[in-house]
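Below: one structure, written as C-alpha cells.
As the structure is a prediction and not an experimental result, all values here were calculated from the model.
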Amino acid sequence: QVQLVESGGGLVQAGGSLRLSCAASGRTFSTMGWFRQAPGKEREFVAAINWSDDTTRYADSVKGRFTISRGNAKNTVYLRMHSLNPEDTAVYYCAQGPLWSSRSQSYDYWGQGTQVTVSS
C-alpha cells in the first residue's frame with residue numbers, strides 16, 4: 001500500500017552538493033528515514049524526520065552536512081547533502097516506519113534506492 005520513490009542521485013565532485021527526494025504515497029506516515037549502503041558495507045542510518053512535528057535526527061557521520069526536511073502537501077521528504085566526500089558514495093534509500101528509530105528493522109517500507117557517487 002505504501003510506495004516510496006527516490007530521485008536526485010547522481011555523480012558529484014567532492015565538496016559538492018545534491019538534494020535527494022522521496023515521493024511517498026499510501027497509509028499514514030510516522031517516521032521517514034534515509035539510509036545508505038556502500039559497496040561492501042552494511043546498510044546504515046543517515047537521517048530521519050518525524051512526520052508530525054518535524055523533529056530530526058542524524059547519523060554522526062553526516063551531522064552538519066546533511067539536512068532532512070519534508071513537504072507535507074506532496075508527501076515528499078528531502079535530503080540535502082553538502083560538503084560531500086567519496087565516503088558518502090552509496091545507494092541511498094528512503095524508508096517509512098511507525099517508530100522513531102534509527103534501526104533499519106524498524107522501517108516497514110522502502111524505496112528502490114538512488115545512487116550517489118562522489119568523485120575525488
Margin query: Give me each pair satisfying salt bridge (Lys or Arg N to Asp or Glu O under 4.0 Å) with a member in residues 1-14, each pair once, sequence neighbours excluded.
Written below: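 Residue pairs passing salt bridge (Lys or Arg N to Asp or Glu O under 4.0 Å), neighbours aside: none found.
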
Not counting sequence neighbours, which residues clear side chain to side chain donor-acceptor pair (under 3.5 Å) with [X]? List them please.
X	value
T55	D53
T67	none
Q3	none
T117	Q115

Checklist line | With R65 via salt bridge (Lys or Arg N to Asp or Glu O under 4.0 Å) - residues at least two apart | finding: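 By the salt bridge (Lys or Arg N to Asp or Glu O under 4.0 Å) rule, R65 matches D88.
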
Next item on the list: With sequence neighbours excluded, tell me which residues meet salt bridge (Lys or Arg N to Asp or Glu O under 4.0 Å) with D60.
Entry: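 In terms of salt bridge (Lys or Arg N to Asp or Glu O under 4.0 Å), with neighbours along the sequence ignored, D60 is linked to K63.
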
Can you measure from [atom1] ([X]) to [atom2] ([Y]) and round to the nearest 0.5 angstrom?
X	Y	atom1	atom2	answer
Q112	S7	CD	OG	13.5 Å
R80	F66	CZ	CZ	12.0 Å
S17	M81	OG	CE	8.5 Å
Q105	R43	CD	CZ	11.5 Å
S61	E44	OG	CD	5.0 Å

Ignoring hydrogens, what is the shortest heavy-atom contact between [X] and [Y]? Give both atom names and the distance.
X	Y	answer
A47	L79	CB-CD1, 4.2 Å
W34	I68	CD1-CD1, 3.5 Å
A24	M32	CB-CE, 4.3 Å
N75	W51	CA-CZ2, 3.9 Å
P86	A14	CD-CB, 4.3 Å

Check: Does some side-chain heavy atom of S21 sit less than 4.5 Å from a side-chain heavy atom of Y78?
Finding: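 SC-SC contact between Y78 and S21 confirmed.
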
Checklist line | Close side-chain approach of V116 to L18, heavy-atom, < 4.5 Å | finding: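 Contact flag for V116/L18 side chains = yes.
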
Next item on the list: Tell me, with the steps shown, if L20 and T114 meet side-chain contact (heavy atoms from CB on, under 4.5 Å).
Entry: CA-CA 8 Å; L20 306 183; T114 185; 4.1 Å; yes

Margin query: If the condition is side-chain contact (heavy atoms from CB on, under 4.5 Å), which residues does S106 pass it with, not counting sequence neighbours?
Written below: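 Here the qualifying residues are S101, R103.
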
Margin query: Tell me every residue that passes side-chain contact (heavy atoms from CB on, under 4.5 Å) with P98, counting only those two or more places apart in sequence or in another chain.
Written below: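 Only D108 meet the side-chain contact (heavy atoms from CB on, under 4.5 Å) criterion with P98.
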
Please write out which residues are connected to [X] in a hydrophobic cluster, directly or through intermediates, given that two of Ile, Leu, Val, Met, Phe, Trp, Tyr count as joined at side-chain heavy-atom separations below 4.5 angstrom.
X	result
W110	F35, F45, V91, Y93, Y107
L99	none
L11	none

Next item on the list: Decide yes or no on side chain to side chain donor-acceptor pair (under 3.5 Å) for Y92 and R36, but give the supporting numbers first.
Entry: CA-CA 4 Å; Y92 283 71; R36 67 186 183 186; 2.9 Å; yes

Item checked: C22/V5 under side-chain contact (heavy atoms from CB on, under 4.5 Å): CA gap, chis, key distance, verdict -> CA-CA 5 Å; C22 175; V5 180; over 6 Å; no

